[in-house]
Student: 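Dropping the structure in here first, questions after.
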Number of protein chains: 2
Amino acid sequence: MAMTTDARGSPAERSRQRRERILDAAAHVFSRAGYRDAAVDDIAREAATSKGGVYFHFPTKESIFRELIRSTAERLVAKVEREVARETDPVLQADAAIWTVLRTFAGHRSMARLLLVDALGAGRPFRAELLRLHERFAELIAGYLDRAVAEGVIAPLDANVAGSAWFGAIHEVVLRWLVADRPPPLERAYPTLRLLLLRSVGVPEERLAELPNR
Amino acid sequence: MAMTTDARGSPAERSRQRRERILDAAAHVFSRAGYRDAAVDDIAREAATSKGGVYFHFPTKESIFRELIRSTAERLVAKVEREVARETDPVLQADAAIWTVLRTFAGHRSMARLLLVDALGAGRPFRAELLRLHERFAELIAGYLDRAVAEGVIAPLDANVAGSAWFGAIHEVVLRWLVADRPPPLERAYPTLRLLLLRSVGVPEERLAELPNR
DNA sequence: GTGTACCGACCGACCGGTCGGTCGGTATCG
DNA sequence: CGATACCGACCGACCGGTCGGTCGGTACAC
């Protein structure tokens, strides 16, 4: 009845799956131990393969981590942009972005750990990459704010600083949730955070009153 | 005329100076290479002493770093509290805190690097310590906000979330300044940041108009 | 004043462990 | 019989920490 081996699919397919298994294991190990303290041997063990097996699929330890970060961030950005695109009003777009980020992180705690915590302990090159990621999010936000200014919804402001500040505020709130012992649901911070952020750029109180409930 | 040796002061005094020299060198090396990549030999070389000399004054590499972080943070918190105490109005207090932090970091770039960037790459125990530091600052801010609420200057809000958000916003703006190639003066972000933060908690526009110029 | 005993400060060769990466080999499949 | 995938023993760089030893003072006796 049950197959005696799990040798399903073509060789190419099996190889792809193995690669994926290694990536999954790596995500696990990295977010448990941090980049430096995660040994390739640990990843190999958790992926039920060997160090040689890992190095067959990836040239370096660093490349595993990079790929993990890149694809994770990619998915998040895409998700945010998709949700934002469903709205046309800049205020609602900003709100949707905040909500999507919080909700996604809330549902993927270890992914969040990887992206926000571990990547920092990984040495120079990663920090640079991570900071570019920060920048990317900050610019995403700055873009929405600029459009809000252009449409006259809010008064002009330095969108770069505001983008960084928004990103930093969200980042820190998520970080606190990540490192707390038994944290309340992340979503609970949403109403306060949304109010703070929207008010900070001068969205008028009337607009704030008519925001959707979540 | 000039002394032929630089052997000034009592032995005890010389020892204290040496210790200080090592601490200075460590700050340098740590903020250049990050904790993990900073070898004790490097610190020794930069302090014009030897590894053994370093280990005479400090029990472990970790202890050097801890002392550096602790004393630096201590000084900053004390400075902020001193500046805040010169004001009585909660809004002006918050403004003074923001200004003090920005101005201090602006004047001590490598110190800021140490505190905000390197400490993160230093492994588990430091991250914990660093996060307690975040918490401390966030609570400092939350305290001011609570008082502002109590005095009826702003409407009630979740001061914990707001404290984290404020801290995160400031943190990120400073971080961006730290890692930029040739950044504009950090103080230039101050007007925007101050406006964002104070508005975010609902300080009325009239109050914002009467803030001091810097 | 000077010999002597002592001590804190400092030196740097060395040890031991860790870990990323390599390489010669083997198994499995088409 | 090749090629692809995989294995795991091994290498070597690196680095925190140790330890036996040196050296410049200082105190004190005489």
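Residue numbering restarts at 1 for every chain, and letters A, B, ... go by the order of the sequence lines.
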Student: Please check if the distance between the ring centroids of B/His171 and B/His134 is under 6.0 Å.
Tutor: yes
Student: Using a cut-off of less than 4.0 Å, is there contact between a side-chain N or O of A/Arg18 and OP1 or OP2 of D/dC6?
Tutor: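 For D/dC6, OP1 or OP2 has a side-chain N or O of A/Arg18 closer than 4.0 Å.
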Student: With respect to the side chain of A/Thr49, which nucleotide from D/dG17, C/dG20, D/dC6 is positioned closest?
Tutor: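 Among the listed nucleotides, the one closest to the side chain of A/Thr49 is D/dC6.
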Student: For the pair B/Ile22 and B/Arg19, evaluate side chain to side chain contact (heavy atoms under 4.5 Å, CB included) and give the outcome as yes or no after the intermediate values.
Tutor: CA-CA 5 Å; B/Ile22 293 171; B/Arg19 200 186 136 91; 5.7 Å; no
Student: Using a 4.0 Å heavy-atom cut-off, does A/Ala47 contact any base of the nucleic acid, only the sugar-phosphate backbone, or nothing at all?
Tutor: nothing
Student: Checking contacts here: which listed nucleotide (D/dG16, D/dA5, C/dG21) is nearest the side-chain heavy atoms of A/Phe56?
Tutor: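 Among D/dG16, D/dA5, C/dG21, the one nearest the side chain of A/Phe56 is D/dA5.
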Student: Quick one: B/Arg21 CZ to C/dA9 C1', roughly how many Å, whole number?
Tutor: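 Taking atom C1' of C/dA9 as the reference, CZ of B/Arg21 is at 13 Å.
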Student: Applying side chain to side chain donor-acceptor pair (under 3.5 Å) to B/Asp95 and B/Tyr190, what does each step give before you reach the verdict?
Tutor: CA-CA 10 Å; B/Asp95 181 44; B/Tyr190 166 69; 2.7 Å; yes
Student: Looking only at N and O atoms, is any donor in the side chain of B/Lys51 or the base of D/dG16 less than 3.5 Å from an acceptor on the other one?
Tutor: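 A donor-acceptor contact between them is present.
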Student: Would you kindly give the CD-to-P distance between B/Gln17 and C/dG8, to the nearest whole Å?
Tutor: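 Distance, rounded to whole Å: 20 Å.
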Student: Identify whether any heavy atom of A/Ala38 sits under 4.0 Å from a base atom; if not, whether one sits that close to sugar-phosphate; answer base, sugar-phosphate or nothing.
Tutor: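 Sugar-phosphate, no base atom in range.
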Student: 5'-most contact on DNA chain D: B/Thr60 or A/Gly52, nearest heavy atom basis?
Tutor: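 It is A/Gly52 whose nearest nucleotide is closer to the 5' end.
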Student: Establish, with yes or no, whether the OP1 or OP2 oxygen of C/dG8 is under 4.0 angstrom from a side-chain nitrogen or oxygen of B/His57.
Tutor: no
Student: Does the distance from a Lys or Arg side-chain N to an Asp or Glu carboxylate O, for A/Arg86 and A/Glu81, drop under 4.0 Å?
Tutor: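 A/Glu81 and A/Arg86: not salt-bridged.
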Student: Out of D/dC7, D/dG17, C/dG21, which nucleotide sits closest to the side chain of B/Tyr55?
Tutor: D/dG17
Student: On DNA chain D, nearest-nucleotide positions of A/Val54 versus A/Asp41: which is more 5'?
Tutor: A/Val54
